[in-house]
Visitor: 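To start, I am sharing the structure in question, which I have written as structure tokens.
Every chain is numbered from 1, with letters handed out A, B, ... down the list of sequences.
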Amino acid sequence: MNHWLTAPILIPLIGGILQAFMGYAPIALRRTLAIATTVLMLVAAIVLLVLADDGSYRLYAFGNWQPPFGIVLVLDRLAALMLVMTAVLALFCHIYAIGGTDESSRQFHGLFLFQLLGLNIAFLTGDLFNLFVAFEVLLIASYGLLMHGEGTSRTVPGLHYVVLNLAGSAVFLIAVGMIYSVTGTLNMADLAVKIPQVAEENLPLVKAGGMMLLVVFGLKAAILPLCFWLPGAYSNATAPVAALFAVMTKVGIYAIIRVFTLIFGSQAGELAGLGMDWLFPLALITLTMGVIGALGAASLRKLVAWQVIISVGTLLAAISFGTVAGTSAALFYLLNTTWVVGGLFLVADLVDGQRGSAQDKIVTAPRIANRTFLSVLFLMGAVAAVGLPPLSGFFAKLLILKSAVTESDVAWLWSVLLIGSFFTLIAYSRAGSIVFWRNVEGHIEEPQKLTPSLSVSASALISLSIVMVILAGPISRYAEDTAAQLHDTSAYTDILSKPMVGEEK
Amino acid sequence: MLDRLSFPQPYLSLILFAVWQFLSDGVSGASVVMGLVLAWMIPQLTRGFWPDPPFFARPWKLPPYLVLVLYDILVSSVSVARLILSGREPKPILVSYPLELTHPLAISMLASTISLTPGTVSADVSDDRTLLLIHALDAESDDEVINAIRTRYEARLKEMFQ
Amino acid sequence: MELAFAVVIGALTASGVYLMLRARTFPVVLGLTMLSYGVNLFLFSSGRLVTGGQPIIGSAETYSDPLPQALVLTAIVIGFAMTAFVVVLSLRSLADNDNDDHVNGRVPEQDRIPQEQEGANT
Amino acid sequence: MSLPLVVLLPFLGALAAPLFAQGGRTAIAVISCVPAIIGLAALYPHWAVLADGGIVQHTTEWLPALGLSLSFRLDGLSLLFTLLILIIGLLIILYARYYLKPHENVGKFYALLLCFKGSMLGIVLSSNLLLMVIFWELTSLTSFLLISFWTHKKDARRGARMSLAITGGGGLALLAGILLIGNIVGSYELEDVLAAGDLIKNHSMYPVALTLVLLGAFTKSAQFPFHFWLPHAMQAPTPVSAYLHSATMVKAGIFLMARLYPALAGTEQWFYMVSFTGMATLLIGAYVAMFKHDLKGLLAHSTVSHLGLITLLFGMGTQLAAVAAVFHVINHAIFKASLFMAAGIIDHETGTRDMRRINGLWRYMPHTATLAMVAASSMAGVPLLNGFLSKEMFFAEALELNLPGLWAYLPPLVATLAGIFAVAYSARFIHDVFFNGRPVNLPIFPPHEPPRYMKIPVEILVFACLMVGMFPAFSVGPLLYAAASATLGGDVPEYHLTVIHGFNLPLLMSFVAFFGGLLMYTQRQRFFDFHARFKEIDEKAVFEAIVSRISDTAHTVTAYIENGSLQRYAMLLIVSVIAVSVLPLWDLGIAIGSNGLSPVDWPTLIGIAILVVASLGTAAMHRDRFFALVLLSVVGLLVALGFARFSAPDLAMTQLSVEVVTIVLLMLALYYMPSWTPIETPKGRRIRDILIAGAAGIGMTLITLAMLTQPFTSISEFFLENSKPGGGGTNVVNVILVDFRGFDTLGEITVLGIAALGIYAMLRNVDLPPPPGDGQGHAWTRDAYPMMLQQIARPMLPLALMISAYIFLRGHNMPGGGFIAGLITAVALILQYIASGMSWTQGRISIRYHNVIGLGLLFALIAGAGSFAFGYPFLTSTFDYVYWPVVGKFEVASALVFDLGVYLTVIGATLLALTSVGRLSPHSAINSTNYKEGS
Amino acid sequence: MNPIAEYAIALLLLIGGFFTLVGAIGLARLPDFYTRLHGPTKATTVGVGAIVLSSVIYFSSKGQGVGVAEVLITVFLFLTAPVSANILAKAAMHIGVPTTDSTRGNTWDQ
Amino acid sequence: MITIALYITIAMVVLATVLNVYRLIKGPDAPDRVLALDTLYINAIALIVLLGITLGTRLYLESALLIAVMGFVGTVAMAKYLKRGSVIE
Ligand code: NA
Ligand code: NA
């Protein structure tokens with residue numbers, strides 16, 4: 001049993017606890033410790049990525065209890081990928097936050113680290129109920145983070161976000177109860193074994209439970225018609241929080257990938273491919289809604305928030321194919337969109353800081369300071385988000401387009417995705433040209449200073465879209481291996497027979 | 001320093017020790033040890049909430065008083081039951097009872113006694129703690145209520161506290 | 001017994017859902033609490049209903065399923081934390097919206113006039 | 001290796017150029033020339049191979065998963081375009097050096113220009129179709145930035161966005177088309193695709209693929225009906241227009257048609273789509289060019305027209321037509337680039353491009369005028385100039401086109417008509433600018449010749465016009481042959497590059513065009529009057545209006561759907577859950593599983609009835625908030641009783657304690673809120689909600705019923721068996737919580753702690769005015785801390801601690817545990833706050849609740865991490881039995897430390913949350929005077 | 001089981017049930033809040049006390065040792081019931097809950 | 001005999017509970033409701049104890065004790081809310 005598996009959990013947990021104690025310590029100390037925690041977490045994630053790349057499943061049984069009885073962490077390529085993706089995003093968001101956003105509440109760093117804790121648990125856990133707990137950890141921290149900052153604008157969207165997620169948690173529990181009541185187990189590997197054996201009379205319960213899980217994950221992922229909480233919540237959050245939230249919808253997507261390939265995947269007998277026939281059209285409608293929202297967005301933040309929904313639709317469309325190609329394309333796209341959208345939220349905030357009362361609204365305003373720098377960042381972000389060459393978004397989109405196989409899938413996906421890209425392009429070019437180019441006389445009283453922590457973190461996230469092009473080969477190889485590993489569920493269920501500490505000979 | 005090791009509230013410690021024995025369903029070696037530890041530790045932890053021990057002039061008067069109250073509760077419960085079941089309209093009265101007791105604990109004990117014994121409920125204590133508002137469920141007059149309480153309970157409590 | 005129990009969960013769910021769909025924060029919070037009661041009972045009952053089979057080793061001949069009980073205990077605690085948060089959030093919303101407790105921050109324009117008449121009645 | 005280098009160099013140059021911005025325009029211009037010069041040098045050694053129809057190929061693997069490789073191909077066709085791009089590019093760089101003003105952002109300009117050049121080279125040199133698409137979209141992007149170079153100009157921004165939308169959108173269509181072709185062929189490599197022409201053309205998806213590819217080509221090459229972006233791209237600085245309109249951007253679409261000619265051409269679909277589009281574009285461009293008063297507008301529409309001509313030639317599908325098309329590509333690039341440069345010079349020197357004001361420039365700048373007149377003549381198709389040659393070939397091919405019936409007359413007619421217009425607008429360009437009286441109101445007066453070096457590019461190009469026009473075989477023969485052969489895939493038809501082929505029908509058409517055009521020009525006023533009857537459409541404005549309309553509509557639609565109403569979002573969520581469960585539940589029906597129903601006892605039934613009444617009552621009575629709260633308490637109490645009734649003592653206790661804390665919290669909030677909920681206005685909404693709630697309730701009832709009556713086995717046997725021997729406790733629920741699933745519990749207390757921290761953070765600096773009295777209008781009582789309550793509250797604390805200790809210590813074996821114990825302690829402390837107030841109680845608690853939470857989590861963590869020391873996984877518990885005299889045998893379990901963490905976290909979190917709310921009250925700041933110690 | 005214990009248990013149970021019921025009847029039937037306040041504070045407390053006592057005897061006589069933890073419940077109720085009554089009465093007086101017509105004397109202004 | 005007495009007692013307590021619920025719903029004033037709730041808590045204690053006797057187990061006694069504690073605090077808090085608005089101030 002490799003203790004490294006607990007690192008992504010223990011590091012933010014310890015960091016978060018320290019922050020809880022240090023509420024009144026000098027801010028420099030709190031920042032240093034907090035950033036150190038995030039950096040350590042990134043290191044741990046990279047170690048796990050290297051470990052996971054041998055294609056095996058690593059098991060960590062808490063309390064040394066054999067699965068399915070105890071809670072286990074399972075490290076595979078997918079988990080490692082999600083961990084690294086999150087850690088990278090988190091580091092830059094965190095660096096951005098110490099540029100000043102963290103000052104308005106003493107709890108910021110604690111909440112931030114706890115948020116990461118929840119995310120990491122979610123990616124690693126091999127237990128359905130523990131996934132619920134992980135969701136709750138990351139949600140409660142996200143509630144706190146969402147409310148972070150001065151002003152009153154975020155309260156109502158925050159309230160909506162919280163209430164909907166509470167309802168979602170209730171549905172999650174109902175689903176867990178239904179599935180447990182038939183299978184008598186919570187371990188995902190064990191579920192994968194038990195689900196195909198479910199008796200005929202019990203199928204409706206499991207089916208309904210599985211579908212409810214899909215709704216819950218869909219709510220987190222912000223799939224239509226469950227996506228409307230997102231634009232308000234994200235666009236009103238402070239920038240590093242909104243940027244970090246780029247990963248929040250991905251948790252829902254992760255859960256869909258994990259649960260619906262492992263438990264309701266191709267080997268699930270009667271229940272194989274549960275819900276996937278619903279997912280594809282919904283994904284395309286979500287994508288369309290995202291594009292419409294982006295076209296109608298009145299501020300850069302709203303635009304980026306709708307971009308989140310566009311990417312959710314795109315991702316889920318590919319995932320719904322249930323194929324290795326679809327999943328691997330989705331994973332590549334996932335990395336791209338998470339980082340780029342995170343970066344775009346930061347850029348929107350930087351722009352906001354330069355424009356006085358015009359904020360980030362897509363309206364005419366006096367010429368901004370640092371225009372070249374910011375407009376280049378915005379341009380790159382937009383190009384990567386829309387999926388134009390030469391940045392990574394294009395390759396991601398290409399992979400997704402190519403993952404469609406049947407004629408009707410091709411027709412629907414291609415037309416929606418490409419026409420969607422076209423209108424997204426119009427939305428971005430309109431927004432960028434108005435915000436950066438269409439100026440009126442006057443000048444901004446006190447533009448925000450672009451301190452290194454602000455500009456470095458924003459540009460770093462955006463620049464990842466270049467790094468991803470350079471590393472496109474290895475990354476797509478990794479994504480493909482990950483998808484292949486995912487779809488070979490029998491290897492996952494082997495963790496049930498791995499020996500515990502003290503048993504191995 | 002020494003008071004950090006002492007029993008700051010002897011009565012409390014005693015009660016706590018007894019409670020622990022109750023909770024442990026009887027006295028045993030383990031329950032005595034644990035009871036002692038807790039009877040010492042808890043008052044230490046809560047000393048801020050209760051820095052001074054309550055003052056009893058004649059603490060030995062307390063057990064007979066409690067027995068008296070218990071007896072009254074049992075006996076007069078029946079009369080209230082009879083009233084409730086009889087279907088007769090009760091004749092309630094609100095009485096302002098002039099207190100002779102002054103200590104808050106004593107007043108509280110009196111008020112509690114009044115409430116527990118059937119037929120009367122102490123509804124309020126005046127801000128200056130000189131009057132007690134009593135609601136009697138079924139009584140003929142103020143004096144009846146006042147006299148009963150004065151002689152049966154308040155006198156005994158006075159002995160105990162003053 | 002199972003039918004009666006099922007009806008309880010149905011009633012809790014229905015009330016919770018109805019309250020959750022109200023327009024003010026307070027009933028919504030009540031609804032969420034109610035819903036979580038229902039969900040907890042449901043999750044609890046996924047181990048089936050057993051009388052006198054408390055899972056304390058040595059206290060009974062057959063035990064009820066302890067796992068759902070443990071899960072529900074976790075769920076109750078988490079639910080409590082969440083409820084506390086949403087209660088306070090509704091207070092914050094009240095403060096940020098000029099003492100309006102509408103879930104959307106402000107009473108929508110079209111609802112405003114009748115609402116004020118309503119206030120006069122109560 | 002040289003091919004990737006040719007493509008890469010401009011990009012490197014783009015990175016380098018801004019670094020030389022300090023050195024001024026000349027330095028940057030010189031640096032910017034380097035990539036092209038090296039590129040030309042690098043290509044030179046390949047000429048021998050190419051002249052023989054050979055191919056230079058370079059391939060590097062990149063993303064095999066995508067079928068995307070870094071493969072480049074140099075053949076005659078790509079060489080032709082490469083040369084045009086590089087050579088004209090060089091001239092443009094030189095020209096721009098003088099065109100741009102010193103204060104302008106020259107670094108940015110050259111960087112963008114070089115990026116654009118690199119992208120163009122990428123298109124023409126890519127041998128992988130996906131790679132080509134990448135460069136294709138890059139040209140859209142870079143041209144967007146070039147056109148909008150003067151970002152302060154509204155027209156520049158609009159023109160740029162319009163061109164981005166059209167060409168970028170076309171690029172997306174092209175991408176789809178290429179992907180389709182890739183699917184058909186199984187490869188994106190050019191050689192595979194070109195070899196699979198028959199396969200593609202016979203495939204059922206061919207029409208779709210063809211349409212998509214042509215959409216890409218037509219948008220890029222400004223074919224009708226996508227032609228309108230091009231004239232607006234002249235908002236760019238003239239060097240950019242000259243480059244875009246002559247050799248590059250617009251030629252990309254043409255190049256694409258040439259490149260894929262063997263794979264896609266030769267079918268009916270191709271013929272009709274391409275030739276008719278070309279014809280329409282040819283005519284419309286030529287017609288509109290005539291009426292443009294803007295010098296560059298005239299040229300831009302002329303470009304459209306000539307692109308239509310080339311497209312038409314490709315559409316004809318004959319080999320000779322293809323040759324003519326390639327030839328015209330060269331010729332048009334040369335004369336159009338020079339014309340744009342000349343126009344730029346005129347603009348530069350006069351300050352305007354309005355031909356109504358620019359007159360008689362011959363007098364002021366004869367040298368420039370001469371150059372422009374030669375180039376314009378070439379555009380008009382005057383013999384001995386290059387434009388004439390390819391136009392003759394075009395006329396010849398137009399006559400060859402075998403259309404059925406009267407349609408056969410259409411191509412020659414259109415060709416001639418377009419020729420007439422071409423002559424007319426060329427004549428206008430010459431006469432109206434350089435003659436036609438004196439200048440009117442020029443911003444710069446008098447104009448004079450531009451700097452010497454600014455004219456050199458024009459001179460070179462005009463010289464080329466003459467050379468090609470007079471010595472075609474000598475000057476472009478080999479290049480044309482190589483390009484044509486590459487286009488056609490090897491077999492080049494017989495053709496003759498001579499100046500005059502003798503007197504034939506094409507020549508007659510040329511005569512008609514020439515004199516017709518001159519006639520038209522002399523009668524121009526009539527045509528202008530006729531044209532003036534039609535309202536001029538500003539496509540930018542239309543485009544802008546459309547985009548605004550789309551944006552507004554999107555905004556309206558979004559605002560309608562995403563209307564900010566929690567009720568709607570919640571309704572959608574619930575309806576979704578119901579919707580996805582309906583089908584499975586339909587299968588289920590009212591299912592009573594094989595275990596059947598167990599008997600009921602009536603006390604439980606009555607309890608259940610009360611529970612149902614109280615829960616429905618809460619919903620029904622919710623408007624009276626306090627009443628609803630009381631009813632909710634009843635529900636909570638009965639749920640706890642239910643847990644006890646069905647064998648879950650731990651749950652009963654937990655539920656009870658949580659319940660009361662929740663109720664207290666709700667009351668704390670209710671204090672600030674209205675005590676009544678107003679009636680919701682829409683009655684239909686309530687009915688709808690009742691239906692939804694009813695459906696949810698019925699659904700849950702059915703699910704529960706089915707679930708409870710099914711037999712099942714679970715993993716819990718293991719817990720029951722191992723609880724005592726493996727976990728050291730007889731309370732299996734507690735052992736699961738602190739041991740088997742201790743990680744859940746760690747998460748759970750973390751949630752609790754975070755919630756409290758979040759609550760604390762959320763309420764800082766919140767200012768809520770407390771209501772002066774209750775909902776009925778009574779002022780609050782004076783007596784905040786009733787004496788009797790204070791008296792009872794004091795002993796309650798130690799007593800409760802005692803009970804907590806008891807519940808805590810026995811939890812591992814009996815109902816209880818850290819969580820319940822923590823809540824009891826917390827509730828006892830809350831009682832102190834209620835009885836004696838914030839400041840009194842806070843003054844007696846010396847530890848901050850943040851730290852209690854932290855401590856609790858730390859204890860749990862340490863208890864869990866202790867096992868690391870023994871090489872066991874996190875949270876592995878251990879226990880042992882110890883014998884002490886007097887005390888006897890007792891158990892020591894590490895899980896108890898974990899539970900202590902739970903205990904502390906619960907206390908800290910609960911109290912932090914409640915006191916954070918309590919602190920809002922204005923009274924909390926006032927020291928309680930009501931209670932005096934020992935009085 | 002010892003028959004005396006059996007009798008005692010049964011008797012205490014019935015007494016407990018009786019007083020609990022009487023308290024509830026009082027609560028349901030009596031005319032105003034202040035009169036209803038009497039029911040729970042004593043009858044019910046006494047009722048629960050009796051039931052708890054029967055439990056003590058029941059389990060003690062089952063031969064599993066003497067269990068007296070239940071007594072704490074009664075003690076606790078006796079301690080708290082008057083306080084609850086007191087503070088509820090204060091609340092009622094504050095709100096101005098009316099007394100029944102036959103009541104003599106006046107509530108206090110809060 | 002105990003069984004019969006137990007049944008009768010349970011019947012009486014359940015009936016008492018129903019009467020309390022009646023008062024709780026009927027009100028008419030908020031203090032009546034709180035009073036009824038408080039009584040309901042005490043009835044619940046009785047029910048739990050009776051359940052323990054019926055099942056022959058003492059494992060539910062702590063639940064009963066807890067009801068007593070929590071019921072009291074709940075009642076106090078509600079009463080304080082009614083008269084003072086601010087429960088913790
Ligand atoms: Na003119
Ligand atoms: Na109120």
Side-chain angles (χ1 to χ4, degrees), chain B residues 15 18-28 66 69-70 72-74 76-78 80-87 89-96 108-127 131-142 145, chain E residues 15 18-19 21-39 41-43 45-47 49-50 56 59-60 64-72 75 77-90 92-93 99-108 110:
Chain B
I15 292 169
V19 167
W20 185 257
Q21 304 315 316
F22 269 96
L23 284 169
S24 326
D25 280 339
V27 183
S28 68
L66 292 180
V69 172
L70 201 60
D72 285 359
I73 291 171
L74 294 177
S76 50
S77 284
V78 180
V80 172
R82 194 178 293 143
L83 174 78
I84 288 173
L85 296 175
S86 71
E89 273 297 301
K91 288 181 282 182
I93 184 166
L94 279 156
V95 182
S96 291
S108 297
M109 281 180 72
L110 178 65
S112 295
T113 309
I114 293 166
S115 290
L116 282 173
T117 47
T120 48
V121 165
S122 54
D124 204 356
V125 186
S126 65
D127 288 354
L131 285 176
L132 195 62
L133 180 65
I134 295 170
H135 184 271
L137 180 59
D138 195 42
E140 292 303 325
S141 68
D142 285 15
V145 177
Chain E
I15 290 172
F18 173 76
F19 277 109
L21 184 56
V22 165
I25 292 173
L27 190 66
R29 194 190 75 85
L30 288 171
D32 69 354
F33 170 79
Y34 302 97
T35 50
R36 292 195 279 266
L37 196 55
H38 292 263
T41 35
K42 53 218 80 168
T45 313
V46 169
V56 172
F59 287 108
S60 303
Q64 298 165 349
V66 185
V68 284
E70 293 95 322
V71 176
L72 278 179
V75 171
L77 284 181
F78 277 119
L79 283 176
T80 56
V83 181
S84 306
N86 171 255
I87 190 165
L88 273 172
K90 282 170 78 76
M93 288 189 289
T99 52
T100 181
D101 293 341
S102 58
T103 307
R104 293 141 296 155
N106 291 314
T107 57
W108 287 356
Q110 292 293 309

Visitor: Between CG of E/Leu30 and CG of B/Leu137, what distance do you get to the nearest 0.5 Å?
Guide: 6.0 Å
Visitor: Do side-chain atoms of E/Arg104 reach the backbone of B/Glu140 as a donor and acceptor pair under 3.5 angstrom?
Guide: yes
Visitor: The test is side-chain contact (heavy atoms from CB on, under 4.5 Å); show your working for E/Val22 and B/Leu85 and say whether it passes.
Guide: CA-CA 7 Å; E/Val22 165; B/Leu85 296 175; 4.0 Å; yes
Visitor: Does CZ belonging to B/Phe22 count more than 12 external heavy atoms closer than 6.0 Å?
Guide: no
Visitor: For B/Gly119 versus E/His38, what's the shortest heavy-atom pair and its separation?
Guide: O-CE1, 3.2 Å
Visitor: Below 4.5 Å, heavy-atom pairs only: which of B/Val121, B/Leu133, B/Leu70, B/Leu23 has the largest tally toward chain E?
Guide: B/Leu133
Visitor: Start with the C-alpha distance between B/His135 and E/Thr99, add both sets of side-chain angles, then the distance that settles side-chain contact (heavy atoms from CB on, under 4.5 Å), and finish with yes or no.
Guide: CA-CA 11 Å; B/His135 184 271; E/Thr99 52; 5.6 Å; no
Visitor: How far apart are the closest heavy atoms of B/Asp124 and E/Met93, and which atoms are they?
Guide: CB-CE, 3.7 Å
Visitor: Say you draw a straight line from NZ of B/Lys91 to OG1 of E/Thr100; how long is it, rounded to the nearest 0.5 Å?
Guide: 13.5 Å
Visitor: Judged by atom type as modelled, is there a donor-acceptor pair below 3.5 Å linking the side chain of E/Asn86 to the main-chain atoms of B/Ala123?
Guide: yes
Visitor: Which answer fits E/Phe18, side chain, backbone, both or neither, if we ask what part of it has an atom under 4.5 Å from a heavy atom of chain B?
Guide: side chain
Visitor: Which bit of E/Phe19 comes within less than 4.5 Å of chain B, counting heavy atoms only: side chain, backbone, both or neither?
Guide: side chain
Visitor: Once rounded to the nearest 0.5 Å, what's the spacing between atom CG of E/Leu79 and atom OG of B/Ser108?
Guide: 11.5 Å
Visitor: Is it the side chain or the backbone of B/Leu66 that comes within 4.5 Å of chain E heavy atoms, both, or neither?
Guide: neither
Visitor: Is it the side chain or the backbone of E/Ile25 that comes within 4.5 Å of chain B heavy atoms, both, or neither?
Guide: both
Visitor: Return the option, out of E/Gly105, E/Pro82, E/Ser102, E/Gly23, with the maximum number of heavy-atom pairs under 4.5 Å with chain B.
Guide: E/Pro82
Visitor: Check whether any side-chain heavy atom of E/Thr103 lies under 4.5 Å from a side-chain heavy atom of B/Ile93, and answer yes or no.
Guide: no
Visitor: Look at B/Ser141, B/Ser24, B/Ala111, B/Pro90 and state which one has the largest set of heavy-atom pairs under 4.5 Å with chain E.
Guide: B/Pro90
Visitor: What part of B/Val78 gets closer than 4.5 Å to chain E, counting heavy atoms only: side chain, backbone, both or neither?
Guide: both
Visitor: So what's closer than 4.5 Å to chain E heavy atoms on B/Leu131: side chain, backbone, both or neither?
Guide: both
Visitor: Closest heavy-atom contact between E/Trp108 and B/Val125?
Guide: CZ3-C, 3.6 Å
